[in-house]
Number of protein chains: 2
Amino acid sequence: MTLTDGRRPGSRGVAADHVSLRRNNLSVVLRHVRDLGPRSRARIAEETGLNKATVSSLVAELVERGLLREGLADSSRALGRPGQLVELDGTGVCGVGAEINVDYLAVAALDLAGDVVLEKRVPVDVAHLEPGTTLDRLAELVREAVTAVDVRHGELAGVTLAVPGLVQVETGELKLAPNLGWGELSVAQEMRRRLGEPTYPLHVDNEANLAALAAYAELRRTEDESLHDLVLLTGAVGVGGGVVAGGHLMRGGHGYSGEVGHMPVAPPGRTCGCGRTGCWETVVGLTALLHKATDRDDPVRDPSLDVEQRLAGITRRAEAGDPRTLSALKDVGTWLGIGGAILVNILNPDVLVLGGYFAVLGPWLKEPLEKAIQDRVIAPDGGGCRVVRSELGFAAAVRGGAQISLDQVFVDPTRIGATP
Amino acid sequence: MTLTDGRRPGSRGVAADHVSLRRNNLSVVLRHVRDLGPRSRARIAEETGLNKATVSSLVAELVERGLLREGLADSSRALGRPGQLVELDGTGVCGVGAEINVDYLAVAALDLAGDVVLEKRVPVDVAHLEPGTTLDRLAELVREAVTAVDVRHGELAGVTLAVPGLVQVETGELKLAPNLGWGELSVAQEMRRRLGEPTYPLHVDNEANLAALAAYAELRRTEDESLHDLVLLTGAVGVGGGVVAGGHLMRGGHGYSGEVGHMPVAPPGRTCGCGRTGCWETVVGLTALLHKATDRDDPVRDPSLDVEQRLAGITRRAEAGDPRTLSALKDVGTWLGIGGAILVNILNPDVLVLGGYFAVLGPWLKEPLEKAIQDRVIAPDGGGCRVVRSELGFAAAVRGGAQISLDQVFVDPTRIGATP
DNA sequence: ATTTTGTCTGTTGAGCCAACAAACTAAGTT
DNA sequence: AACTTAGTTTGTTGGCTCAACAGACAAAAT
């Protein structure tokens, strides 16, 4: 809508001057090269509508700032002088994402091109630790990532922390994280203190939101540029939802959107962690699957096993064609579709992305899920919504966190590089 | 995000030049005056961050275009030379909205200040007419509105048609309108032909979407500038939903968002119009209320009565304290809250607006509704969501249609007025 | 010779800055 | 009470800067 708003939603736009004009056009060129790949200045000019001379000047500044670099000569066109390819220079800038989850901590550093500089995940039983202790260990991971960025001589665009709970994004305060057993806590402030009041931006966001953003970036990169609306469902003990609508992360009025796990869609059965019955996650959460597929004394329910080991067990049985496992998966898939249909009716996304354990067991869930959606969505052909498994696994949130930090650079390239 | 994108979601921004810079700042000043009321140039400069001289130049151009005008002297400040107030000039430009609904056609013309120039509603039994006949009669109404704008010497910013169905906004094609009994139909093309291929922009949109937009504009005007997220529920035979997220109308990937009526939340009871059972509208639609509150031979079920007469009957009984009516209303209110809680959990709006018959019976629905939401929303304090009755009644969609046409002028004021 | 690229030069247009005249209030002076 | 003076705020003017644009042109290929 306006030159400089960036985040602030529905804002009345912001007065623009020469500086913001320049900033806008730097951003346009930088994103053009990111999205459409290396190309000559002349071609950028042609495609963006900017003047050739202007593109030259913009590219020069972006090269100066270490965001673009000159590549090979472009010999693709038959006639005339070949152009000098201009491409994204990944090495200059990195973003870092870090995640606190129920049974692990994780961190990732991505460079500007989206390539992984460092990715690390350590199992931690967060619910049985003091929050302070967990934050100490997370800070240690973040320091590692920052060091890795330093070693690479990259500038750090920012750090974003992913938390499975209700987060006030503006202040970085956590309101509630039931699965961690955490209440109100100023995560941003605590982390800044532990990291020695760093100068780079540090934000906190909801884990499913960041995972949705990562999936969005991934799908646009690999498949479809015209994709703007997406819903991501992460399956764990609970169910998290992240929504990208019109190309923007949907946060809601107070940042509490996407809480899909407690939609009352199931018949009153087992009591949910929230104290109610009939919540969606009581029929599609991992616990629900285990109860349907196994008896109490089944080895995959052994408390010493972690999530991945359990999933491996279920997968093995499904592959072997075990009828009870297959029936439980079909059941969960159908319930997933019943709730999914609600989301599709309300949000009409282009894609429904399965993350977390839903992605792992996707091959068996997808068919009943798609059928349930087709049956229940009122728009023709299910509103044109496809179901896709996320490829990112448990790294989705940290990748999204790193991505969102890097996004700021693409919105305002003047954040980076010396201003002599 | 960018200077010129306007609508296109998630787009890679657009190259900006001096013209777009100027356009942006014209828009900033115009919207500033609209939203914050008449004020002096000096104050506009101070509040927007633009330079005094620049504001003078921008105001001069906007006055030239007939969008602003000079008002009285501002004697509110104690010291110094009093400023000349600059205010919105409503007279210059108008927008028109028109609506096709199950039992009426309607039209409205609003001027730039949002004041009503003309508003008209005629009962028509659309489902029993040929679509062509209905469009003929709607075209007649639109011509009346356009004439009213002409008489006022106003420039016409655009016409937007509201339809209760699935609409492809870009092309103006209707895909499906079950309540009208209409299938695929290029409404925009048909209307353009009937209006003699007019030069002004003509768009088609979903009725609930436009109603949501009207409610959004109304609430921001009267209450709260910081409001950016809203859900509107229109109660009729079915239930429609419109969503404003982050200050933008949420349309979904294919424009089919907000179809909330068929969320499967109720126990399998009466069969819904869509052929399934358990749809939300089978427990909160007007039909459901009538079945709960009255017997088969009750006078308010007389087929010769229209919606408003029926509602008047129910209201009378509720006011008189009739126990069966009150119990039915409480029931519907609770179910409204159960579905509403799903929406609030997913979207976390600042406000849930009750439109259509929900607004009329709001006094009795609101309490059980709010309780159901408080009980079911996972975010603290119901996610901070208030429940509000819409004041706009059946005019909401046409107002929203007129508004959305006018919005284009606020985004790009250079659309209007001679460019000598 | 032709075509395409990328740079250079001068022009245009819009916002910024500083100075200033105009219009008003407040307070002192006659 | 009438007049003067100082102080404040408004809105305009002229000069400056910055960024995009248009067109010319050299370089590098076929």
Side-chain angles (χ1 to χ4, degrees), chain A residues 2-4 13-29 33 38-64 68-86 413-414 419, chain B residues 2-4 13-29 33 38-64 68-86 413-414 419:
Chain A
T2 70
L3 210 60
T4 42
V14 170
D17 60 2
H18 295 122
V19 178
S20 35
L21 181 60
R22 181 73 174 181
R23 181 165 52 221
N24 178 75
N25 288 345
L26 286 168
S27 169
V28 165
V29 170
V33 173
R39 58 230 306 107
S40 71
R41 293 168 175 81
R43 195 156 163 215
I44 295 171
E46 200 181 331
E47 289 164 344
T48 59
L50 287 160
N51 188 279
K52 268 197 304 175
T54 309
V55 170
S56 271
S57 152
L58 291 167
V59 167
E61 179 170 345
L62 289 167
V63 169
E64 173 109 5
L68 291 180
R69 65 171 166 236
E70 270 200 353
L72 307 166
D74 177 16
S75 43
S76 68
R77 298 209 183 184
L79 240 55
R81 170 180 163 182
Q84 289 296 115
L85 288 184
V86 172
T414 62
T419 328
Chain B
T2 72
L3 212 60
T4 43
V14 169
D17 59 3
H18 296 122
V19 178
S20 36
L21 182 60
R22 182 75 175 180
R23 180 164 55 222
N24 177 75
N25 288 345
L26 287 168
S27 168
V28 165
V29 170
V33 173
R39 60 228 308 105
S40 69
R41 293 167 175 81
R43 199 161 159 210
I44 294 172
E46 199 183 332
E47 289 165 343
T48 59
L50 286 160
N51 189 277
K52 271 199 300 175
T54 309
V55 170
S56 273
S57 152
L58 291 166
V59 166
E61 179 169 345
L62 290 167
V63 168
E64 173 109 7
L68 292 180
R69 68 172 165 235
E70 271 203 350
L72 307 166
D74 176 18
S75 45
S76 68
R77 296 210 185 183
L79 243 54
R81 169 179 165 182
Q84 290 296 114
L85 288 184
V86 173
T414 61
T419 326

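Chain A is the first sequence line, chain B the second, and so forth, proteins listed ahead of strands; every chain is numbered from 1.
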- Leu85(B) CG to dT10(D) P: how many Å, rounded? 11 Å
- Which heavy atom in Thr48(A) sits nearest to a heavy atom in Val28(A), and how many Å separate them? CG2-CG1, 4.1 Å
- Message: Strictly below 4.0 Å: does Ser56(B) bring a side-chain N or O up to OP1 or OP2 of dT12(D)?
- Response: yes
- Closest approach of Ala15(A) to Leu50(B) (non-hydrogen atoms, all atoms of both residues): CB-CG, 3.4 Å
- Whole-Å distance between dT10(D) C1' and Ile44(B) CD1? 12 Å
- The answer to which of Leu50(A) and Arg41(B) contacts DNA chain D further toward the 5' end, by nearest nucleotide, is Arg41(B)
- Side chain of Gln84(B): nearest nucleotide among dG6(C), dG11(D), dA14(C)? dG11(D)
So which protein N/O to nucleotides 23-27 of chain D N/O distances come out below 3.5 Å?
{"unit_1": "dA27(D)", "atom_1": "N3", "unit_2": "Arg81(A)", "atom_2": "NH1", "d": "3.4"}

- Item | Whole-Å distance separating the CG atom of Leu26(B) from the C1' atom of dA14(C) | 11 Å
- So how far is it from Gln84(A) CD to Arg41(A) CZ, rounded to the nearest 0.5 Å? 7.0 Å
- Rounded to the Å, how far apart are Asp17(A) CG and dC17(C) C1'? 13 Å
- Against the side chain of Pro82(A), the closest entry in dG6(C), dT12(D), dA28(D) is dA28(D)
Donor-acceptor contacts under 3.5 Å from residues 55-62 of chain A side chains, at least two apart:
{"unit_1": "Ser57(A)", "atom_1": "OG", "unit_2": "Arg22(A)", "atom_2": "NH1", "d": "3.0"}
{"unit_1": "Ser57(A)", "atom_1": "OG", "unit_2": "Arg22(A)", "atom_2": "NH2", "d": "2.9"}
{"unit_1": "Glu61(A)", "atom_1": "OE1", "unit_2": "Arg22(A)", "atom_2": "NE", "d": "3.0"}
{"unit_1": "Glu61(A)", "atom_1": "OE1", "unit_2": "Arg22(A)", "atom_2": "NH2", "d": "3.0"}
{"unit_1": "Glu61(A)", "atom_1": "OE2", "unit_2": "Arg65(A)", "atom_2": "NE", "d": "3.1"}
{"unit_1": "Glu61(A)", "atom_1": "OE2", "unit_2": "Arg65(A)", "atom_2": "NH2", "d": "3.0"}

- Query: Nearest-Å distance, CG (Leu58(A)) to P (dG6(C))?
  - Reply: 14 Å
N/O to N/O distances under 3.5 Å, protein versus nucleotides 10-13 of chain C:
{"unit_1": "dG13(C)", "atom_1": "N2", "unit_2": "His18(B)", "atom_2": "NE2", "d": "3.4"}

- Query: Closest approach of Pro413(B) and Arg23(B), non-hydrogen atoms and distance?
  - Reply: CD-O, 4.1 Å
- Note on the structure: Closest to the side chain of Asn25(B), out of dA20(D), dG15(C), dG11(D), is dG15(C)
- Query: To the nearest Å, how far apart are Arg22(B) CZ and dA14(C) P?
  - Reply: 6 Å
- Query: Going from CD1 on Ile44(B) to NZ on Lys52(B), what distance comes out if it is rounded to the nearest 0.5 angstrom?
  - Reply: 13.0 Å
- Query: Taking atom C1' of dT9(D) as reference, at what distance in whole Å does atom CD of Glu47(B) sit?
  - Reply: 15 Å
- Query: Using a distance-only test with no angle check, is there a side-chain donor-acceptor pair under 3.5 angstrom linking Asp17(B) and Ser20(B)?
  - Reply: yes
- Report the distance from atom CZ of Arg43(B) to atom P of dT9(D), rounded to the nearest whole Å. 14 Å
- Note on the structure: Minimal heavy-atom distance between Ala16(B) and Leu21(A), with the atoms involved, is CB-CD1, 3.4 Å
- Message: Heavy atoms from C-beta onward define the side chain here; which of dT5(C), dC21(D), dG11(D) lies closest to that of Ser40(A)?
- Response: dT5(C)
- Task: Walk me through it: do Leu26(A) and Thr414(A) pass the test side chain to side chain contact (heavy atoms under 4.5 Å, CB included)?
- Result: CA-CA 8 Å; Leu26(A) 286 168; Thr414(A) 62; 3.8 Å; yes
